[in-house]
Amino acid sequence: MAEEVVLPPSTGGVRSRRARRMQRRKKQAFALQLTSLMDVLIIIVIFLLKSYGISSMGIVQSDKLELPSSKAPDSFGEGMTLVISQERITVDNDVILKFQGDAKEKKFLLPEGAVDPANPEKGILPIYDALKKKKDDFDLLASRAPNPEDAAKKWTGDILVQADKSVKYDLVRQIMFTAGLAGYKQFRLTVEKQPE
Amino acid sequence: MLRRPSTRRRSKSQEQIELPLVPIMDAFVTLIAFLLMATSLLSVTLIDTPVPIMSTLQDDSKEKPLTLTVKVTDDGIKLTSAFKLIPEQDFPKTGKDYEYDKFHEALIAIKTKFPKDRKIIFMPSGTVSYNDLVQLMDASRKLKKTEPTLYVTGEGGVQKAETDLFPEVVFGNIVSGN
């Protein structure tokens, strides 16, 4: 039989010892169950880490750039990014030239003076200058490295081309030709992955 | 002497150890915020196309290379080989679209005859759209999952399964433009 204690009048009268123990437990600090929350967080982190590799290619989503879709296998990489959008051409986010006319017409007309009519074999001059400068910067850094020969070998010559799907091949060809003149050997065409 | 249950000593092993999860939670929440900022829901991939290089080295190979060439114009596609190892094939456009499926089937037939070749040269005219070129590259890269696998006889007569057609795409008219 439970022993009964007489409580002071302020506490409400007679209570059992068991009831007092229960009351004491309730007063203890409330412990949050974190384990299940941790499980959820870990799953979210894994999902985000999986998609992180894709985003590292620096795709700037814009309504002026619609990439073509392709069933090409997964491939990722780093390198200089050349973007041909409907209104301009950028190299590593620096605007190199803006197309003539309205971007909505998608004519991709180069501005006057971009190609020297007397020397078309020099390619698109502003793009050549921008790409050559990047290459020269790399060569300068390599020459200052402790082992310049090894540093110079790290030049891959990769260029990531993000072109709008309605660009005509003639412009892509001219840009590829210009990049080749500036010392870039490998073009990596960035496309939207289409599920097989 | 018997002790009251409340005053009994408990062994250390019976005590519950609470893992300090709060700092780990903090780290995870910070990591999620960083990854959410850096992530992109647009799934992209890369198609490699090397610049064609002119070589002055003499070719000592006895066999004539296939040099499979695709001429793409606004009217259609033409499949040729520099040494006439395959008959020329034309695939005129039907409406606005190229005949991707027929082009793909023709490439499968060529691959069965020349299983070791992996290179294809694209010679598009200047007015062809970039999107059409990417679709043509798709058609020439791989067998579809529903198509039967090709078997290539490798070194030592060992047969191996081949799902690629001509995955190495080179643009042949970057310099000339023709």
Side-chain angles (χ1 to χ4, degrees), chain A residues 21 31-32 34-35 37-38 41-42 44-45 47-49 51-52 54-57 59 61 66-77 84 121 157-158 160-174 176-177 179-180 184-196, chain B residues 5-6 16 18-22 24-25 27-29 31-53 72 122-135 137-139 141-142 144-146 164 167 169-171 173-178:
Chain A
R21 204 159 55 228
L32 196 66
L34 291 177
T35 315
L37 194 58
M38 281 289 294
L41 287 179
I42 287 170
I44 293 172
V45 166
F47 168 75
L48 290 173
L49 276 174
S51 55
Y52 178 70
I54 301 162
S55 63
S56 65
M57 285 196 286
I59 305 292
Q61 293 180 37
E66 283 181 64
L67 294 177
S69 54
S70 166
K71 289 175 183 169
D74 286 334
S75 173
F76 307 108
I84 313 169
E121 68 276 4
D158 285 2
L160 273 64
V161 179
Q162 296 171 21
D164 190 270
K165 63 182 181 184
S166 40
V167 172
K168 299 295 176 199
Y169 173 69
D170 193 42
L171 180 64
V172 179
R173 183 193 67 76
Q174 284 187 64
M176 282 178 162
F177 175 65
Y184 294 81
K185 295 171 281 184
Q186 177 90 7
F187 299 102
R188 313 196 78 188
L189 309 176
T190 311
V191 289
E192 194 181 327
K193 176 96 176 133
Q194 189 183 343
E196 284 189 62
Chain B
S6 57
Q16 278 192 338
E18 282 193 22
L19 199 68
L21 288 176
V22 178
I24 303 171
M25 287 270 295
F28 270 97
V29 169
L31 199 60
I32 285 173
F34 166 73
L35 290 172
L36 270 175
M37 268 179 12
T39 200
S40 161
L41 296 176
L42 177 72
S43 176
V44 291
T45 186
L46 299 172
I47 303 172
D48 290 338
T49 55
V51 179
I53 301 165
V72 191
F122 272 60
M123 305 273 272
S125 66
T127 49
V128 175
S129 82
Y130 177 60
N131 188 46
D132 288 336
L133 286 177
V134 171
Q135 302 312 314
M137 282 189 231
D138 272 7
R141 186 179 301 112
K142 280 187 91 139
K144 292 174 189 166
K145 280 185 180 171
T146 51
D164 288 343
V169 176
V170 179
F171 286 97
N173 59 351
I174 286 180
V175 179
S176 66
N178 300 317

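A quick note: this is a predicted structure, and the numbers were derived from the prediction, not measured. Here is how names work: the chains are called A, B, and so on, in the same order as the sequence lines, proteins then strands, and each is numbered from 1.
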- prompt: Rounded to the nearest 0.5 Å, how far does CG of B/Leu36 lie from CZ of A/Phe47?
  reply: 9.0 Å

query: So what's closer than 4.5 Å to chain A heavy atoms on B/Leu133: side chain, backbone, both or neither?
result: side chain

- line: So NZ of A/Lys71 and CZ of B/Arg141: to nearest 0.5 Å the spacing works out to 10.5 Å

- prompt: What is the minimum heavy-atom distance between A/Pro68 and B/Val134, and which atoms define it?
  reply: CG-CG2, 3.8 Å

query: Based on non-hydrogen pairs under 4.5 Å, which of A/Lys165, A/Met176, A/Gln174 is most in contact with chain B?
result: A/Lys165

message: So A/Leu189 and B/Leu46, do their side chains get closer than 4.5 Å, heavy atoms only?
response: no

message: Looking only at heavy atoms and a cut-off of under 4.5 Å, which of A/Val191, A/Ile42, A/Thr35 has the most pairs with chain B?
response: A/Val191

query: Considering only heavy atoms from C-beta outward, does the side chain of B/Val44 approach that of A/Lys193 to under 4.5 Å?
result: no

- prompt: Should B/Phe28 and A/Leu37 be marked as a side chain to side chain contact (heavy atoms under 4.5 Å, CB included) after you check the CA-CA gap, both sets of side-chain angles, and the distance that decides it?
  reply: CA-CA 11 Å; B/Phe28 270 97; A/Leu37 194 58; over 6 Å; no

message: With a 4.5 angstrom heavy-atom cut-off, is it the side chain or the backbone of B/Val72 that approaches chain A, or both, or neither?
response: neither

- request: With a 4.5 Å cut-off on heavy-atom pairs, point out which of A/Gly157, A/Ala179, A/Ala163 contacts chain B the most.
  value: A/Ala163

Step-by-step ring-ring contact (aromatic ring centres under 6.0 Å, His included) determination, B/Phe171 to A/Phe187: CA-CA 10 Å; B/Phe171 286 97; A/Phe187 299 102; 8.7 Å; no

task: Enter the distance from A/Gln194:CD to B/Thr45:OG1 here, rounded to the nearest 0.5 Å.
output: 12.0 Å

Residue pair B/Ile32 / A/Leu41: nearest heavy atoms and the distance that separates them: CD1-CD2, 3.4 Å

- prompt: So do the side chains of A/Tyr169 and B/Ser129 get within less than 4.5 Å of each other, counting heavy atoms only?
  reply: no

field: Reported CD1-to-OG distance for the pair B/Ile47 and A/Ser70, which is rounded to 0.5 angstrom
entry: 4.0 Å

message: Going by side chain to side chain donor-acceptor pair (under 3.5 Å), name the residues that satisfy it together with B/Asp48, two or more places apart in sequence or in a different chain.
response: A/Arg188

task: Below 4.5 Å from any heavy atom of chain A, which atoms of B/Leu21 appear? Answer side chain, backbone, both or neither.
output: both

- request: Would you mind checking which part of A/Asp158 comes under 4.5 Å of any heavy atom in chain B, side chain (CB onward), backbone (N, CA, C, O), both or neither?
  value: neither

query: How long is the gap from CG on A/Leu49 to CG on B/Leu35, to the nearest 0.5 Å?
result: 5.0 Å

statement: Value for OH (B/Tyr130) from CG (A/Leu67), rounded to nearest 0.5 Å, stands at 7.5 Å

